[in-house]
Amino acid sequence: MRRTIVLLIAAVIIAALSAQAQATLITRGTDTLGNKLIYDTDLNITWYDYTNAPASWQNQMAWASGLTVTFNGTIYDDWRLPSTVDGLAVYGYDGTTTVGYNITSSEMGHLFYTELGNNGWLDTSGKIQNSMGLLNTGDFVHLTSSFYWSGTTYSAGTYDAWGFDTPVGAHGVGGKFYNFSALAVRPGDVAAVPEPGTVLLFGLGLVGLAARTMMSKRRRG
């Protein structure tokens, strides 16, 4: 009976750790203002769940770089706007271009399509999709249906910058003087957590120790 219990405990630990290893967006908690910090294990970045009111690109850049977030007693001040892969503006819908739909090479595109599982206006074959836009926001509370600035300047026209349009799931370029929304992101995780493999070995070690202890008691009995 005891051996069965130990095996069940081991199975639960392994299942829990497997679920954690497969998760890509993990809510770490809220800051002192009540806004969530959400970690993306794919890109190793942390999103700040707060949408800054529409403003010019320069003002949004200044907002992100000047942002200070207090979380679990630590102040994080290394925030920035999401990055986008720069290149000549080429429109498409198969995910291989710089402008258009199904593009996941940017941090906003990765969040919209890969992490949250939303659809763009066009699928990868160019057909209009009935279910599209920011329908799934996951654990985000303040992610809105609007155009968001990225922190990447459009090198072919330095008066422009890249952005992402969540209502239709499209990458695009806009003049830096336009007033668009902004999300902040920072590199790395805000939670000091051990690697899944380390946790797994530790958990299995505890189970093994418990099993040996039970067997030793049974022999003495």
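Side-chain atoms are counted along with the backbone in the values below, which use heavy atoms only and exclude waters and symmetry mates.
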Looking only at non-hydrogen atoms, find the nearest pair between [X] and [Y] and report the distance.
X    : Y   : answer
V90  : T98 : N-OG1, 2.9 Å
A182 : L81 : CB-CD2, 3.8 Å
A184 : L67 : CB-CD2, 3.7 Å

I need the [X] [atom1] to [Y] [atom2] distance, nearest 0.5 Å.
X    : Y    : atom1 : atom2 : answer
N130 : N119 : CG    : CG    : 10.0 Å
D189 : T46  : CG    : OG1   : 5.0 Å
L25  : D40  : CG    : CG    : 5.0 Å
L43  : L111 : CG    : CG    : 9.0 Å

Which salt bridge (charged side-chain N to carboxylate O under 4.0 Å, His left out) pairs, counting each pair once, include a residue from [range], with sequence neighbours left out?
range            : answer
residues 106-117 : R80-E107
residues 56-79   : D78-R186
residues 128-138 : none
residues 81-103  : none

Subject >> Parallel, tilted or perpendicular: rings of F140 and W47 (30°, 60°) >> reply: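 Perpendicular: the ring planes of W47 and F140 meet at over 60°.
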**OP:** Following the transitive rule for hydrophobic clusters with a side-chain heavy-atom cut-off under 4.5 Å over Ile, Leu, Val, Met, Phe, Trp and Tyr, establish whether I128 and F112 coincide in one cluster.
**Re:**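 Per the 4.5 Å side-chain linkage, I128 and F112 are co-clustered.
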Original post:
Is F147 reachable from I103 through a run of I, L, V, M, F, W or Y residues, each pair having side-chain heavy atoms under 4.5 Å apart?
Top reply: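 Different clusters: I103 never reaches F147 through Ile, Leu, Val, Met, Phe, Trp or Tyr contacts under 4.5 Å.
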**OP:** Please name all residues satisfying ring pair (Phe, Tyr, Trp, His ring centres under 6.0 Å) with Y91, sequence neighbours left out, ordered by chain then number.
**Re:**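 Applying ring pair (Phe, Tyr, Trp, His ring centres under 6.0 Å) to Y91 gives none.
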Original post:
Can you name the residues that form a ring pair (Phe, Tyr, Trp, His ring centres under 6.0 Å) with F71, not counting sequence neighbours?
Top reply: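 In terms of ring pair (Phe, Tyr, Trp, His ring centres under 6.0 Å), with neighbours along the sequence ignored, F71 is linked to no residue.
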Original post:
Around W63, counting heavy atoms of other residues, nucleotides and ligands shown, do more than 12 lie under 6.0 Å from its CH2?
Top reply: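 Counting neighbours around CH2 of W63, more than 12 heavy atoms of other residues, nucleotides or ligands fall under 6.0 Å, so yes.
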So do the side chains of [X] and [Y] get within less than 4.5 Å of each other, counting heavy atoms only?
X    : Y    : answer
W149 : Y178 : yes
I26  : T41  : yes
M108 : T84  : no
S83  : T152 : yes
T51  : L183 : yes
N52  : S181 : no

Donor-acceptor contacts under 3.5 Å from residues 31-38 side chains, at least two apart:
from, atom 1, to, atom 2, distance (Å)
D31, OD1, L33, N, 3.1
D31, OD1, G34, N, 3.0
D31, OD1, N35, N, 2.7
D31, OD2, Y48, OH, 2.5
N35, ND2, Y48, OH, 2.8
K36, NZ, D139, O, 2.9

**OP:** Could you please spell out the steps behind the side chain to side chain contact (heavy atoms under 4.5 Å, CB included) verdict for L116 and L143?
**Re:** CA-CA 11 Å; L116 298 178; L143 182 60; 3.7 Å; yes
Original post:
Under the side-chain hydrogen bond (donor to acceptor under 3.5 Å, both in side chains) test, which residues partner Y39, sequence neighbours left out?
Top reply: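 For Y39 the side-chain hydrogen bond (donor to acceptor under 3.5 Å, both in side chains) partners, ignoring immediate neighbours, are N44.
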Donor-acceptor under 3.5 Å ([X] side chain, [Y] main chain):
X    : Y    : answer
T97  : V99  : yes
N136 : N118 : no
N179 : P54  : no
W57  : W162 : no

Check side chain to side chain contact (heavy atoms under 4.5 Å, CB included) between [X] and all other residues, then give those that pass, not counting sequence neighbours.
X    : answer
A156 : L88, Y154
S125 : D123, K127
T104 : Y113, T114

Subject >> Qualifying residue, where the test is side-chain hydrogen bond (donor to acceptor under 3.5 Å, both in side chains) with K176 and the options are T158, T153, N59, D160 >> reply: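 It is T153; the other options fail the test.
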Mind listing the side-chain donor-acceptor pairs of residues 164-172 below 3.5 Å, one per line with the distance, residues two or more places apart or on another chain?
from, atom 1, to, atom 2, distance (Å)
T166, OG1, T144, O, 2.9
T166, OG1, S146, N, 2.8
T166, OG1, S146, O, 2.9
H171, NE2, S106, OG, 2.5

